[in-house]
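Notes follow once the structure below has been shown.
Here the structure is a predicted model, which means the values were calculated and not measured. Just so it is clear, the values below take in all heavy atoms, side chains as well, and ignore hydrogens, waters and symmetry mates.
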Amino acid sequence: METSIQTVSDVIGVYALNIAAAIVIFVIGKFLARKLTDFFVKLMNKKKNVDETLLSFLDDIVYYILMVVVILTSLKQVGVDTTSFFAILGAAGLAIGLALKDSLGNFASGVMIIFFKPFKVGDFVEAGGVAGTVQEVGIFNTEFKTGDNQKIIVPNGAITGGNIKNVNAHDTRRVDLIVGIGYDDDIKKAKDVLNQIVEADERVLKEKGITVAVSELANSSVNFVVRAWVNTPDYWAVKFDLTENIKLTFDKEGISIPFPQTDVHVYKHKS
């Protein structure tokens, strides 16, 4: 009887020591996981142009990976068969992956957007069937604000799965206009007038050159292409102002701007 009691006491003592060791491993491991994660994030933060969203994402991912290692080590100390645990975890991961494949695709796309930076917050972007200013880049979705102040949330998978047009990617943009005049109008005069209108706008970057040239002899008009470079924030204002000034100046100078028209000829047959 005394031997049995001693055996039970020894077993309890061993389990108690294992549980205490597991708790110590968990506490110290959690502390080290946090410290190692912070060190990694600080190391990444020293590099230039590292996105804050990417840093936050890496912080979570690294910490959770380390915590999984700590938990498995603690369980092994208690005597849990981690091989079976890995098998269960793998099966659960497969089931979850199949159930959430669309979300995981958006997650992967979010990582790509954050890492490769095709755009940033504040850029005007056309992507995923939406055109608007980027308000927030998340892991699963990206938030846009349209020109009429609507909030649109687009899954990241829809963004990376198609073309991305970033209007603000460069400091300058080129304004392109097509201006038509009548076949009876003076081409040289119209060209001079167009050059004067563009050169008179102080927002146009003259050093990058101005193009005014005949581009097409269309059905009812002689078409000029007008090209001028501006700073990206000035693009729409310059385009609107040039369009208005061209019409007003052409009216003043007697230069016509043809519009589509159809000639109808009526023939009267004698009966």
field: Over all atoms of both residues, closest heavy-atom pair of Ala228 and Val204
entry: CB-CG1, 3.8 Å
- request: Mind listing the closest non-hydrogen atom pair of Val137 and Val134 along with its distance?
  value: CG2-CG1, 3.8 Å
message: Which heavy atom of Ala218 sits nearest to which heavy atom of Tyr183, and what is that distance?
response: O-OH, 2.6 Å
- request: To the nearest 0.5 angstrom, please state how far the OG1 atom of Thr243 sits from the NZ atom of Lys239.
  value: 7.0 Å
field: Pairs where residues 196-240 contributes a residue and the test ring pair (Phe, Tyr, Trp, His ring centres under 6.0 Å) is met, not counting sequence neighbours
entry: Trp236-Phe240
- prompt: Is Val212 reachable from Leu248 through a run of hydrophobic residues whose side-chain heavy atoms are each under 4.5 Å from the next?
  reply: no
message: Working to the nearest 0.5 angstrom, can you tell me the gap between Thr142 OG1 and Ile153 CD1?
response: 10.0 Å
- line: For Thr37, the side-chain hydrogen bond (donor to acceptor under 3.5 Å, both in side chains) test, sequence neighbours excluded, returns none
task: For atom CZ of Phe39, decide whether the heavy atoms of other residues, nucleotides or ligands shown that lie under 6.0 angstrom number more than 12.
output: no
same_hphob_cluster(Val179, Val230) at 4.5 Å side-chain heavy-atom cutoff: yes
All side-chain contact (heavy atoms from CB on, under 4.5 Å) counterparts of Val154, not counting sequence neighbours: Val130, Phe144, Ile152, Ala158, Ile159
query: After noting the C-alpha distance and the side-chain angles of Lys42 and Asp38, does the key distance pass the salt bridge (Lys or Arg N to Asp or Glu O under 4.0 Å) rule?
result: CA-CA 6 Å; Lys42 287 180 181 178; Asp38 291 342; over 6 Å; no
- prompt: Does Lys206 NZ have over 12 foreign heavy atoms under 6.0 Å away?
  reply: yes
query: Under a single-linkage rule joining Ile, Leu, Val, Met, Phe, Trp and Tyr whose side-chain heavy atoms are separated by less than 4.5 Å, which residues share a cluster with Val225?
result: Ile178
Taking distance alone, no hydrogens or angles, what donor-acceptor pairs closer than 3.5 Å link side-chain atoms of residues 193-202 to residues at least two apart or in another chain?
residue : atom : partner : partner atom : Å
Asn195  : ND2  : Lys191  : O            : 3.2
Asp201  : OD1  : Arg203  : N            : 2.9
Asp201  : OD1  : Arg203  : NE           : 3.0
Asp201  : OD2  : Arg203  : NH2          : 3.0

- prompt: Taking only residues two or more places apart in sequence or in another chain, which ones pass side-chain contact (heavy atoms from CB on, under 4.5 Å) with Asp148?
  reply: Thr146, Gln150
- line: Between Ser109 and Gly157, the two heavy atoms sitting closest are OG-CA, 3.4 Å
message: Tell me every residue that passes side-chain contact (heavy atoms from CB on, under 4.5 Å) with Lys252, counting only those two or more places apart in sequence or in another chain.
response: none
message: Do the side chains of Lys188 and Asp192 get close enough for a salt bridge, i.e. N-O under 4.0 angstrom?
response: no
message: When you compare the side chain of Lys189 with that of Glu253, does any pair of heavy atoms fall below 4.5 Å?
response: yes
field: Contacts of type side-chain hydrogen bond (donor to acceptor under 3.5 Å, both in side chains), residue Ser256, not counting sequence neighbours
entry: Asp185
message: Among residues at least two apart in sequence or on other chains, which ones pass side-chain hydrogen bond (donor to acceptor under 3.5 Å, both in side chains) with Lys247?
response: Asp251
- prompt: Other than Val24, which residues form its hydrophobic cluster under the rule that side-chain heavy atoms must be closer than 4.5 Å?
  reply: Ile28, Phe31, Leu32
query: Honestly curious: do Tyr64 and Ile71 fall in one hydrophobic cluster under the side-chain, below-4.5 Å linking rule?
result: yes
query: To the nearest 0.5 Å, what is the distance between CZ (Phe140) and CG (Asn156)?
result: 9.0 Å
- prompt: Which atoms form the tightest heavy-atom contact between Ile181 and Ala190, and what is the distance?
  reply: CD1-CB, 3.8 Å
- prompt: What's the spacing between Glu143 CD and Gln135 CD if we round to 0.5 Å?
  reply: 6.0 Å
- request: Kindly write out the residues that satisfy side-chain contact (heavy atoms from CB on, under 4.5 Å) with Asn166, not counting sequence neighbours, or none if the list is empty.
  value: Phe119, Asp123, Val125, Asn168, Ala169
- prompt: CD1 of Ile246 to CG of Asp241: how many Å apart, nearest 0.5 Å?
  reply: 11.0 Å
Set of residues satisfying side-chain hydrogen bond (donor to acceptor under 3.5 Å, both in side chains) with respect to Asn231, sequence neighbours excluded: none
statement: So CZ of Arg34 and CE of Met67: to nearest 0.5 Å the spacing works out to 10.0 Å
message: Counting only heavy atoms not in Lys35 (residues, nucleotides, ligands), do more than 12 fall under 6.0 Å from its NZ?
response: no
- prompt: Do side-chain atoms of Thr232 reach the backbone of Val167 as a donor and acceptor pair under 3.5 angstrom?
  reply: no
- prompt: Closest approach of Ile25 and Ser74, non-hydrogen atoms and distance?
  reply: CG2-OG, 3.7 Å
- request: Mark yes or no for whether Lys208, through its side chain, and Thr172, through its backbone, hold a donor-acceptor pair below 3.5 Å.
  value: no
- prompt: Looking at side-chain heavy atoms only, is the closest gap between Lys30 and Tyr63 below 4.5 Å?
  reply: yes
